[in-house]
Amino acid sequence: MTKELVFATNNQHKLEEVSAMLGQDIKLLSLKDINCLEDIPETADTLEGNALLKARYVKKNYGFDCFADDTGLEVEALNNAPGVYSARYAGEAHDFEANMQKLLTEMQGKENRMARFRTVIALILDGRESLFEGIVDGSIITGRRGAAGFGYDPLFVPKGYTETFAELGNNIKNSISHRALAVQKLTAFLSTLSSKA
């Protein structure tokens, strides 16, 4: 039996990435699919808070079981900035070229390049709220490399690799990324529910 779940995002990259990970048992709907065209406010000061805000908004206003995620790049030398402000680091335009440029500028002269990507997924299903977290450690390089992926991918080298997320390509990235780890936890949780059904 296929279950319908709304993924509270308009980001086509994320939608494709997560849909590929969830497999056949879940039919993923986007905000556009349910005609939710407004910008859902992300006013919390934590990733968990923002993910819950988005999921609760969809449940309350549209009635669908859904999940939402928030992802942040946390850079050690910058006191874990940009963190919850990753998408709007260089301003409200969500311009990742400008965000990357700002990060490179902020990191000039810094010896500590340690960073991590963290994703939190908030799921509202059958009246219950659950949180799932995925973290991948790595480091920030001094210039962009690679053309795949999106966001800060050209600047981030995951631990144990020499290529950036943007060089590794979607197949490898989708198996090791922060979002992949959070989605794996989400998928495992959903499969325990479907085996009980």
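A salt bridge links Arg144 to Glu97: one of the charged nitrogens lies within less than 4.0 Å of a carboxylate oxygen. A salt bridge does not link Glu133 with Lys185: every distance from a Lys NZ or Arg NE/NH1/NH2 to an Asp or Glu carboxylate oxygen is 4.0 Å or more.
Linking Ile, Leu, Val, Met, Phe, Trp and Tyr whenever their side-chain heavy atoms come within less than 4.5 Å leaves Ile141 and Met107 in two separate clusters. In terms of hydrophobic clustering, with Ile, Leu, Val, Met, Phe, Trp and Tyr side chains grouped at heavy-atom distances under 4.5 Å, Met114 and Leu73 are assigned to different clusters. Placement of Ile26 and Val18 within a single hydrophobic cluster is found when ILVMFWY residues are connected by side-chain heavy-atom separations under 4.5 Å, directly or transitively. Hydrophobic clustering places Phe67 together with Phe189 (ILVMFWY residues linked when any side-chain heavy atoms are closer than 4.5 Å, directly or through intermediates). Criterion: ILVMFWY side-chain heavy atoms under 4.5 Å apart, direct or through other members. Under it, Leu181 and Leu186 are not part of a common hydrophobic cluster.
In this structure, the side chains of Leu52 and Leu131 come closer than 4.5 Å at one or more pairs of heavy atoms. Within the 4.5 Å cutoff, the side chain of Leu190 has heavy atoms near those of the Leu123 side chain. Residues Phe7 and Ile121 form no side-chain contact, since every pair of their non-hydrogen atoms from C-beta on lies 4.5 Å or further apart.
Ring planes of Phe117 and His178: parallel class, angle under 30° (limits at 30 and 60°).
Thr71 and Thr119 get closest at one heavy-atom pair: OG1-OG1, 2.7 Å. Considering all non-hydrogen atoms of both residues, Ala55 and Cys66 come closest at O-SG, 3.3 Å. Of all heavy-atom pairs between Thr164 and Asp153, the closest is CB-O, 3.4 Å. Here the shortest heavy-atom pairing between Ile135 and Arg116 reads CD1-NH1, 3.5 Å. Among all heavy-atom pairs drawn from Pro82 and Val75, the shortest one is CD-CG2, 4.2 Å. Shortest non-hydrogen contact noted between Glu163 and Arg145 is CA-NH2, 3.9 Å.
With Asp65 contributing its side chain and Leu5 its backbone, the two residues share no donor-acceptor pair below 3.5 Å. Put simply, the side chain of Ser175 gets close to the backbone of Ile172: a donor and an acceptor are under 3.5 Å apart. Between the side chain of Ser139 and the backbone N or O of Arg113 there is no donor-acceptor pair closer than 3.5 Å. Listed for the Lys54 side chain is a donor-acceptor partner under 3.5 Å among the backbone atoms of Asp69. With Asn50 contributing its side chain and Leu47 its backbone, the two residues share no donor-acceptor pair below 3.5 Å. In this structure a side-chain-to-backbone donor-acceptor pair under 3.5 Å is missing from Tyr57 to Ala8.
Every side chain to side chain contact (heavy atoms under 4.5 Å, CB included) that Pro158 has, sequence neighbours left out, goes to Val136, Phe156, Tyr161, Phe165, Leu168, Ile176.
Expressed to the nearest 0.5 Å, how far CD of Glu16 lies from NZ of Lys14 amounts to 13.5 Å. Rounding to the nearest 0.5 Å places CD of Glu106 at 12.5 Å from CD1 of Ile140. Atom CD1 of Ile124 is separated from atom NZ of Lys60 by 11.5 Å, given to the nearest 0.5 angstrom.
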Exercise. Verify side-chain contact (heavy atoms from CB on, under 4.5 Å) between Tyr89 and Phe96, making sure each step is shown before the conclusion.
Key: CA-CA 9 Å; Tyr89 191 38; Phe96 272 107; over 6 Å; no

Practice problem: Mind running side-chain contact (heavy atoms from CB on, under 4.5 Å) on Glu42 and Ile40 for me, showing each step along the way? | Solution: CA-CA 6 Å; Glu42 294 181 43; Ile40 302 173; 5.8 Å; no

Practice problem: Determine, stepwise, if the pair Leu78 / Leu103 fulfils side-chain contact (heavy atoms from CB on, under 4.5 Å). | Solution: CA-CA 9 Å; Leu78 303 177; Leu103 180 62; 3.7 Å; yes

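Only one option out of Asn10, Asp39, Leu15, Asn11 pairs with Leu31 in a side-chain contact (heavy atoms from CB on, under 4.5 Å); it is Asn10.
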